Amino acid sequence: MRVLSGIQPSGGLHIGNYFGAIRQYLALQHGNDAFYFVADYHALTSVRDADRLRRAVFDVLADLLALGLDPEEATLFVQSDVPETTELAWLLSSVTPMGWLEKCVSYKDKVAQGIPAEHGLFAYPVLQAADILLYDADVVPVGQDQKQHLEVTRDIAERFNNVYGRGEPVFRLPEPYILETAAVVPGLDGRKMSKSYENTIEIFDEPKAILKKCKRIVTDSRPVEEPKDPEGDNLFQLFKLFAPADERTEVERRYRAGGIGYGEVKTRLAEHIAAHFAPARARRAEWVAHPARVSEVRAAGAEQARRAARVVLDRARAACGVA
Ligand code: ADP
Ligand code: TRP
């Protein structure tokens, strides 16, 4: 199976990214032909400082390597190291109806938040379709929020195939891979955890910062002795992701019976998070201390990715008559 996914370099990775996407990247790198990339072209729609963007790209590479992405198992690359992506985006753009992009929720949300309605933001899903179709991806691990973009990708691929296919499809239709248990990880305020809501717990925060963030998790105001509803509690949803099964059962039982305070759960959650990512934090320090090694991984990944991309781009160019 060809597996592919991308992540934007627009700030530190958080535990929503981890459970919603990165954990699946790591699981799927074994036994598959996996490609993972840092989506810096996409980040141009929000990051407007060249040095900051370059730093953020390095940081995401180091983060992914530290979390266990193995360059021997998967191809790790940077989107803009494969400029073929933008050429394919144009070929796809030419068969994409405006209406498909106008209905995309992430575009509408951003404009509603007051972000300028620039063409790049509008055309974002076409570039994402190019990322995916360029590598003949079968499976795309992502969180729930990317489901609509995957649907647009499939629609664009089908349309291109219908217009130019001559009986032979040009593009393979990809399937999203969304784990129900972590499709939407809640943030500190109970909304989807997201950089743009400033409600994140970063994977590589120091233990002290993690505890501080956990203390800010919004709950109701039931006192210790009162019974509580684990399902409706956003703190428990986060706790569930980290605690081992026996501890989860114990805490769930005490929620229902009464006799556990949110403060205790927050402290225990913070300890779990810090312990869970401690080995990755140490490995990250190693990569950061050796930036040349990160550059080597990046260069090797670019070469492999470009080789794969060229095959599909040539097929698409020939199909539509620009070659
Ligand atoms: P953000 O919303 O913080 O900007 P990104 O859009 O960069 O995060 O997301 C990168 C990957 O992580 C995507 O596959 C996305 O679906 C997934 N993801 C992001 N936030 C969450 C979340 N709260 N729960 C589950 N998956 C998430
Ligand atoms: N839009 C995705 C996000 O914000 C990032 C992304 C870009 C992506 N290209 C992709 C994800 C291709 C999967 C496949 O999270």
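Since the structure is predicted, the reported quantities are computational estimates derived from the model, not experimental observations. Numbering of ligands and ligand atoms starts at 1, following listing order.
When the options Asp189, Asn199, Leu188 are evaluated for a side chain to side chain contact (heavy atoms under 4.5 Å, CB included) with Arg216, the one that passes is Leu188.
Regarding atom 3 (C) of ligand 2, its nearest protein heavy-atom neighbour is Gln146 NE2, 3.3 Å. Distance from atom 9 (N) of ligand 2 to its nearest protein heavy atom, with residue and atom name: Asp131 OD2, 2.7 Å. Looking only at heavy atoms of the protein, atom 5 (C) of ligand 2 is closest to Gly6 O, 3.5 Å.
Distance alone, capped at 3.5 Å, places no donor-acceptor pair between the Lys192 side chain and the Val184 backbone.
Taking every non-hydrogen atom of Val140 and a distance limit under 4.0 Å, the qualifying atoms of ligand 2 come out as 13 (C), 14 (C). Counting the atoms of ligand 2 from 1 in the order shown, those under 4.0 Å from a heavy atom of Gln8 are 4 (O). Applying the 4.0 Å criterion to heavy atoms of His42 picks out, from ligand 2, the atoms 7 (C), 9 (N). Numbered from 1 in the order shown, with element, the atoms of ligand 2 that lie under 4.0 Å from a heavy atom of Tyr124 read 1 (N), 2 (C), 3 (C), 4 (O), 5 (C).
A donor-acceptor contact under 3.5 angstrom links the side chains of Lys240 and Gln237, judged on distance only. No hydrogens or angles considered: nothing links the side chains of Gln29 and Asp70 as a donor-acceptor pair under 3.5 Å.
With distances taken over non-hydrogen atoms, the option nearest atom 12 (C) of ligand 2 out of Leu134, Val38, Asp40, Ile132 is Ile132.
With a 4.0 Å heavy-atom cut-off, ligand 2 is reached by the side chain of Val142 but not by its N, CA, C or O. Under 4.0 Å from ligand 2, the heavy atoms of Phe37 that appear belong solely to its side chain.
Protein residues are said to neighbour a ligand when one of their heavy atoms lies under 4.0 Å from it; for ligand 1 these are Ile7, His14, Gly16, Asn17, Gly20, Ala21, Val142, Gly143, Asp145, Gln146, Ala182, Ala183, Val184, Val185, Lys192, Met193, Ser194, Lys195.
Using bins of under 30°, 30° to 60° and over 60° for the plane-to-plane angle, the ring pair His276/Phe242 lands in the perpendicular bin.
A salt bridge links Glu175 with Arg154: the closest approach of a Lys/Arg side-chain nitrogen to an acidic carboxylate oxygen falls below 4.0 angstrom. No salt bridge links Arg55 with Asp51; every basic N to acidic carboxylate O contact stays at or beyond 4.0 Å. Using a 4.0 Å cut-off between charged nitrogen and carboxylate oxygen, Arg172 and Asp138 count as a salt-bridge pair. One finds a salt bridge joining Glu264 and Arg268 here, because a Lys/Arg side-chain nitrogen approaches an Asp/Glu carboxylate oxygen to under 4.0 Å. A salt bridge does not link Asp233 with Lys228: none of the charged nitrogens is closer than 4.0 Å to a carboxylate oxygen.
Pairs of residues two or more places apart, or lying in two chains, that qualify as ring pair (Phe, Tyr, Trp, His ring centres under 6.0 Å) and include a residue from residues 135-175 are Phe35-Tyr135, Phe77-Tyr135, Tyr124-His149, Phe160-Tyr164, Phe160-Phe171.
The distance criterion of under 3.5 Å between nitrogen or oxygen atoms is met by Gln128 with respect to ligand 2.
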